[in-house]
There are 2 protein chains.
Amino acid sequence: MYFPAAGVPESELGLRERKRLATERTIERAALDLAQEHGYEGVTVEMICESAMVSPRTFFNYFGSKEGVFLGHTPPRPTPEMIDWFVNERPSTTLLDLVELFRRMMSTRNRTDPAAMRERRALIHSTPDLAVREFARMAEAETELTALLQRRRDAVGAEGSDVFPDEPRVVVLLAFAIMHPAMHRWLEDPDGAPQEELIADSLQMIRRIIDEPTHS
Amino acid sequence: MYFPAAGVPESELGLRERKRLATERTIERAALDLAQEHGYEGVTVEMICESAMVSPRTFFNYFGSKEGVFLGHTPPRPTPEMIDWFVNERPSTTLLDLVELFRRMMSTRNRTDPAAMRERRALIHSTPDLAVREFARMAEAETELTALLQRRRDAVGAEGSDVFPDEPRVVVLLAFAIMHPAMHRWLEDPDGAPQEELIADSLQMIRRIIDEPTHS
DNA sequence: GTTAATTATGCAGAGACTGCACGCTTTGTG
DNA sequence: CACAAAGCGTGCAGTCTCTGCATAATTAAC
């Protein structure tokens, strides 16, 4: 067991990669533990580094920023295949396809184990400061996705786009609104209802809210 | 003209207040001008202070942060009257009332003249970094408004809230989606269609997007 | 085993931001 | 007008995040 076995092609990534992942996880653990105790503001990068036994410079080499270690350093981005699918294939409604694109993006970044992911999630939602940052990240994605919507519209042949010039942005916001509760419920119970169902529920809820009759 | 005239009771706020507003505007002007030239990242607080002839410490006394001077130092918040109206009166749908609450919040903070407001707006939207920050601010409002929705629901008597525990959050997101294009169009043409009409248009657009038939 | 790419680290420094104390100006009061 | 109270502008020291650069050690590739 001192050298790579031939029958373990899956997690055999070379010594370098393995070490990298190890320190990455060490830093993450240290950061999360310290945040549980002192809160986001109460933790300094220096503290994290001391606990993880790495230099501050190394910390910033791994996660580009302090928030990076809490939010996850890889913001979910669509792969070229996904982009092509969304822009050119477009099997369903713009909105529904966008939601599906979201779903795929989320599913992709499962490199971290779901347990740590949930822990991270809990910390984010219990720390207003982090929640805000997370929202800011979403905003980045929003910009990118809006551009994608433009490409899709161009591909299908624009029509009547002058009437509502910022329709793409609204579509993205709507997709967010649909994804939000679905993602939330899924993170709380990953083995519960399948994602498609959660999304369908969410869509139904939104329809109900919009068409809600005036009460009282 | 060397001393205060007696016939100007409106803007007579005392020497102190006037000076305060003066330096505030001086700093704002300096910041906006410098940002036009060098971009948000390219401007340092020190540069702004040098241009406005105040100490950095003073800058932070006025606007608590660098982004503060660009985004406006007073994030729009609902007044107690508005809160009461929303929680207890609730003349219409939850969603529509929330949109109306938004509209009122936006209308309130017209202490800055609309011209500078639009200039600021243009800068924000042309600077991705600032756009993100603005979104983060919205997120703060989101949290606050979600709490408000809970209060409203409690006031009306909760029912079936277990099915969709994060319905309030979705309502807020939807209200955002409705407000967004309306606000946008209003800022681009303040003397055009009245806000109510813009909102109605926006709502209609959203209905269309959600019910859009599968095409192609 | 030698060379090339990665990686970890230290160091210097920019830039945002805070608490504190001190001095000046404005304000209110008699 | 004098005098005290309050508010404001400022300098200073210091913390914290984050970056560029140089260097040494490690791993990979040949």
Side-chain angles (χ1 to χ4, degrees), chain A residues 2-4 9 11-28 30-31 34-35 38-71 73 75 127 129-130 132-134 136-137, chain B residues 2-4 9 11-28 30-31 34-35 37-71 73 75 127 129-130 132-133 136-137:
Chain A
Y2 294 136
F3 42 83
S11 77
E12 266 322 319
L13 296 163
L15 179 57
R16 204 170 250 167
E17 302 282 323
R18 262 178 296 150
K19 270 192 173 177
R20 182 169 243 289
L21 282 182
T23 52
E24 184 175 310
R25 297 225 173 99
T26 306
I27 296 177
E28 273 183 6
L34 285 171
H38 303 103
Y40 175 71
E41 296 281 342
V43 178
T44 71
V45 174
E46 204 173 352
M47 286 165 67
I48 299 173
C49 294
E50 198 174 329
S51 171
M53 294 193 302
V54 293
S55 75
R57 196 62 186 83
T58 300
F59 175 90
F60 285 107
N61 280 342
Y62 275 82
F63 313 88
S65 63
K66 179 185 173 185
E67 52 171 295
V69 73
F70 295 112
L71 297 183
H73 49 127
T127 310
D129 211 326
L130 276 180
V132 168
R133 300 284 188 164
E134 191 209 18
R137 281 219 174 168
Chain B
Y2 293 138
F3 42 84
S11 75
E12 267 320 322
L13 296 162
L15 180 56
R16 204 169 250 169
E17 302 282 321
R18 262 179 296 149
K19 270 191 174 178
R20 182 168 245 288
L21 282 181
T23 53
E24 185 174 309
R25 298 225 172 98
T26 305
I27 296 176
E28 273 183 5
L34 284 172
E37 190 174 356
H38 302 102
Y40 176 70
E41 296 280 342
V43 177
T44 71
V45 173
E46 203 173 352
M47 286 165 67
I48 299 173
C49 295
E50 197 173 331
S51 171
M53 294 193 301
V54 293
S55 76
R57 196 64 187 81
T58 300
F59 174 91
F60 285 106
N61 280 342
Y62 275 82
F63 313 88
S65 63
K66 179 185 171 184
E67 51 172 295
V69 73
F70 295 111
L71 297 183
H73 48 129
T127 309
D129 212 327
L130 276 180
V132 168
R133 301 285 188 163
R137 281 219 173 167

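Order of the sequence lines sets the chain letters (A, B, ...), proteins ahead of strands, with each chain counted from 1. Just so you know, these numbers use all the heavy atoms, side chains as well, and skip hydrogens, waters and symmetry mates. Predicted model only: the values in this text are computed from it and were never measured.
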* **Side chain proximity check, E46(B) to F59(B), heavy atoms < 4.5 angstrom** => no
Looking only at dC18(D), dG15(C), dT25(C), the nucleotide nearest the R16(B) side chain is dT25(C)
Regarding the side chain of S65(A), the nearest nucleotide among dA16(C), dT9(C), dC18(D) is dC18(D)
Ordered by number, residues from residues 47-58 of chain B within less than 4.0 Å of DNA chain D (heavy atoms) are V54(B), S55(B), R57(B), T58(B)
F59(A) CZ to dT19(D) C1', in whole Å, measures 14 Å
Here the distance between atom P of dT18(C) and atom NZ of K66(B), to the nearest Å, is 15 Å
Value for CD (E24(A)) from CG (N61(A)), rounded to nearest 0.5 Å, stands at 12.5 Å
Here the distance between atom P of dT25(C) and atom CD of E17(B), to the nearest Å, is 19 Å
Separation between CD (E28(B)) and CD1 (I48(B)), nearest 0.5 Å, reads 11.0 Å
Self-check item: Atom CE of M53(A) with >12 non-hydrogen neighbours under 6.0 angstrom
Solution: no
Taken to the nearest whole Å, CG/N61(A) to P/dC21(D) is 14 Å
I27(A) atom CD1 is separated from dT9(C) atom P, nearest whole Å, by 9 Å
Testing dT17(D), dG9(D), dC8(D) for proximity to the side chain of Y62(B), the answer is dG9(D)
Rounded to the nearest 0.5 angstrom, the NZ-CG distance for K66(B) and L71(B) is 11.5 Å
note: E46(A), atom CD; dT17(D), atom P; distance rounded to Å ~ 8 Å
To the nearest angstrom, the CZ-C1' distance between F63(B) and dT18(C) comes to 18 Å
Does K19(B) put a side-chain nitrogen or oxygen below 4.0 Å from OP1 or OP2 of dT26(C)?
yes
With the side chain defined as heavy atoms from C-beta on, T23(A) is closest, among dC17(C), dT26(C), dA8(C), to dA8(C)
Contacts of A52(A) meeting side chain to side chain contact (heavy atoms under 4.5 Å, CB included) (sequence neighbours excluded), chain-then-number -> T26(A), I27(A), A30(A), V54(A)
Rounded to whole Å, NE2 of H38(B) lies from P of dG15(C) at a distance of 13 Å
dC8(D) phosphate, OP1 or OP2: any side-chain N/O from R20(B) under 4.0 angstrom? yes
Does any part of the side chain of F60(A), heavy atoms only, come nearer than 4.5 Å to the side chain of V45(A), both counted from C-beta?
yes
